[in-house]
Amino acid sequence: MEPVAVGLVGAGPWAEMAHAPMLSKGPHTRLAGVWARRPEAAARLGAPVFERVEELFDACEAVAFCVPPAVQAELAARAARAGKALLLEKPLADTLDGARRLAEAVAEAGVASQLVLTLRYAVQTRTFLARCAEIQPFGGHAANISGTLLGDHPFATPWRLERGVLLDVGPHVIDLLGAALGPVTGVRAHGNPLGWTGLLLEHEGGAVSEASLCMTAVSDLPPPTFAVYGRTGSAVLPHFDDDPLDVIAEEFAATVRHGGGHPLDAAHGLRLQEIIAEAESQLAP
């Protein structure tokens with residue numbers, strides 16, 4: 001299969017650490033070019049740099065995004081209308097309205113889309129989810145505690161510092177609990193997204209789960225945890241550090257080439273954003 005020519009929008013730390021190497025590595029994709037608001041940062045990614053984002057769209061058949069959520073919502077909708085397949089970061093947008101507009105643009109254009117929810121592509125996660133399907137699950141819990149928003153951490157970016165843990169970590173946790181226990185049908189939230197946030201999730205079929213989220217903790221912190229309990233057993237996701245970038249690139253190329261959609265598409269991202277928006281509405285400002 002000919003590698004999919006993918007243009008990259010964004011040149012920040014995650015683009016440099018993950019997206020650019022992933023798309024450049026092949027054999028399923030090739031990095032066709034980069035557009036960013038800072039051309040000097042884009043030049044470090046080892047691909048042609050375009051002055052206008054429309055020129056990047058013309059040079060590729062798919063576009064990957066690694067920019068703040070508000071920027072992604074605007075530019076990804078433009079890429080969809082230009083007929084380009086989309087590799088999208090979470091969250092889909094900074095607001096629910098923005099997420100809806102992007103999902104609608106994808107649906108109207110009929111282009112392929114896929115979310116970079118990294119946990120879901122790992123072999124450890126897929127083994128965990130297969131085990132969950134065997135045990136008749138009725139409940140579970142998750143915790144993701146870090147100090148990412150403190151000090152000079154490279155991911156302490158303005159949108160994260162403003163909106164906090166729910167918009168950043170929330171999509172990963174809600175998505176994985178939904179995959180393990182059934183689609184989320186309701187959420188209750190307490191706490192503060194810039195401090196400690198607790199979620200109680202209700203799942204289709206009657207299961208329930210709890211999640212604890214924080215990005216402003218200090219000292220020695222445990223790794224993220226996911227555990228699910230069922231009528232015939234239990235399942236725990238083991239800790240792992242590797243990002244399954246090769247799998248993401250391979251599956252995105254297949255999504256672009258063969259169509260048929262991907263389970264983690266823009267519509268799925270919209271559903272996650274709806275849950276997050278409901279949780280945010282219940283939290284202290």
Side-chain angles (χ1 to χ4, degrees), residues 4-10 14-15 19 35-37 52-118 120-121 159-160 162-163 166-176 178-179 182-187 201 204 248 251-282:
V4 175
V6 185
L8 177 58
V9 173
W14 187 234
H19 283 67
W35 177 88
R37 288 172 293 183
R52 299 174 57 249
V53 72
E54 290 81 6
E55 295 173 345
L56 176 68
F57 296 166
D58 290 341
C60 62
E61 53 191 307
V63 185
F65 291 85
C66 196
V67 288
V71 180
Q72 173 171 270
E74 175 193 351
L75 295 183
R78 288 165 62 182
R81 289 191 287 268
K84 308 302 175 182
L86 308 177
L87 185 62
L88 300 163
E89 267 294 342
K90 57 78 201 166
L92 210 58
D94 63 327
T95 65
L96 182 54
D97 284 344
R100 285 175 176 153
R101 287 193 297 270
L102 175 50
E104 288 169 0
V106 171
E108 290 171 2
V111 298
S113 62
Q114 187 173 317
L115 280 168
V116 181
L117 288 163
T118 48
R120 288 288 296 277
Y121 297 90
W159 71 268
R160 290 181 175 91
E162 178 184 355
R163 298 292 292 277
L166 256 180
L167 203 63
D168 184 31
V169 175
H172 288 299
V173 174
I174 294 168
D175 168 67
L176 188 49
V184 175
T185 58
V187 58
L201 302 175
E204 190 176 285
I248 295 172
E251 292 193 7
F252 182 56
T255 299
V256 175
R257 286 284 182 248
H258 305 307
H262 191 279
L264 306 180
D265 62 4
H268 183 72
L270 174 58
R271 179 57 187 144
L272 293 176
Q273 196 107 21
E274 290 170 342
I275 297 165
I276 290 166
E278 174 59 26
E280 284 186 317
S281 73
Q282 301 173 29

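These numbers were taken from a predicted model, which means no experiment stands behind them.
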> After noting the C-alpha distance and the side-chain angles of Glu61 and Arg257, does the key distance pass the side-chain contact (heavy atoms from CB on, under 4.5 Å) rule?
Replying inline: CA-CA 10 Å; Glu61 53 191 307; Arg257 286 284 182 248; 2.6 Å; yes
Interatomic spacing from [atom1] in [X] to [atom2] in [Y] - rounded to 0.5 Å:
| X | Y | atom1 | atom2 | value |
| --- | --- | --- | --- | --- |
| Gln72 | Trp159 | CD | CH2 | 9.5 Å |
| Leu264 | Phe252 | CG | CZ | 13.0 Å |
| His262 | Glu251 | NE2 | CD | 4.0 Å |
| Arg100 | Leu92 | CZ | CG | 12.0 Å |

Over all atoms of both residues, closest heavy-atom pair of [X] and [Y]:
| X | Y | result |
| --- | --- | --- |
| Val111 | Gly83 | CG1-C, 3.7 Å |
| Ala62 | Val4 | CB-CG1, 4.1 Å |
| Cys60 | Ala5 | CB-O, 3.4 Å |
| Phe65 | Leu88 | CD1-CD2, 4.0 Å |
| Ala80 | Ala105 | CB-O, 4.1 Å |
| Leu8 | Ala15 | CD2-CB, 4.2 Å |

Taking [X] for its side chain and [Y] for its backbone only, find out whether a donor-acceptor pair lies under 3.5 Å.
| X | Y | value |
| --- | --- | --- |
| Glu55 | Trp35 | no |
| Glu74 | Gly98 | no |
| Lys84 | Phe57 | yes |
| Glu280 | Leu166 | no |

> After noting the C-alpha distance and the side-chain angles of Leu96 and Glu274, does the key distance pass the side-chain contact (heavy atoms from CB on, under 4.5 Å) rule?
Replying inline: CA-CA 6 Å; Leu96 182 54; Glu274 290 170 342; 3.6 Å; yes
Within the 4.5 Å heavy-atom criterion, are [X] and [Y] side-chain neighbours or not?
| X | Y | result |
| --- | --- | --- |
| Val71 | Arg37 | yes |
| Arg120 | Leu176 | yes |
| Leu167 | Gln273 | yes |
| Leu117 | Leu272 | yes |
| His172 | Thr118 | yes |
| Leu87 | Val256 | no |

>> Could you walk me through whether Asp175 and Val184 satisfy the side-chain contact (heavy atoms from CB on, under 4.5 Å) test, starting with their C-alpha distance in whole Å, then the side-chain angles of each, then the deciding distance to 0.1 Å, before giving a yes or no?
In response: CA-CA 9 Å; Asp175 168 67; Val184 175; over 6 Å; no
> Going through the checks in order, is the side-chain contact (heavy atoms from CB on, under 4.5 Å) test met by Leu86 and Val106?
Replying inline: CA-CA 9 Å; Leu86 308 177; Val106 171; 3.6 Å; yes
>> I need the single residue from Asp94, Asp168, Ile276 that forms a side chain to side chain contact (heavy atoms under 4.5 Å, CB included) with Arg163. Which is it?
In response: Asp94
> Salt bridge or not for Glu104 and Arg101, using N-O below 4.0 Å?
Replying inline: no
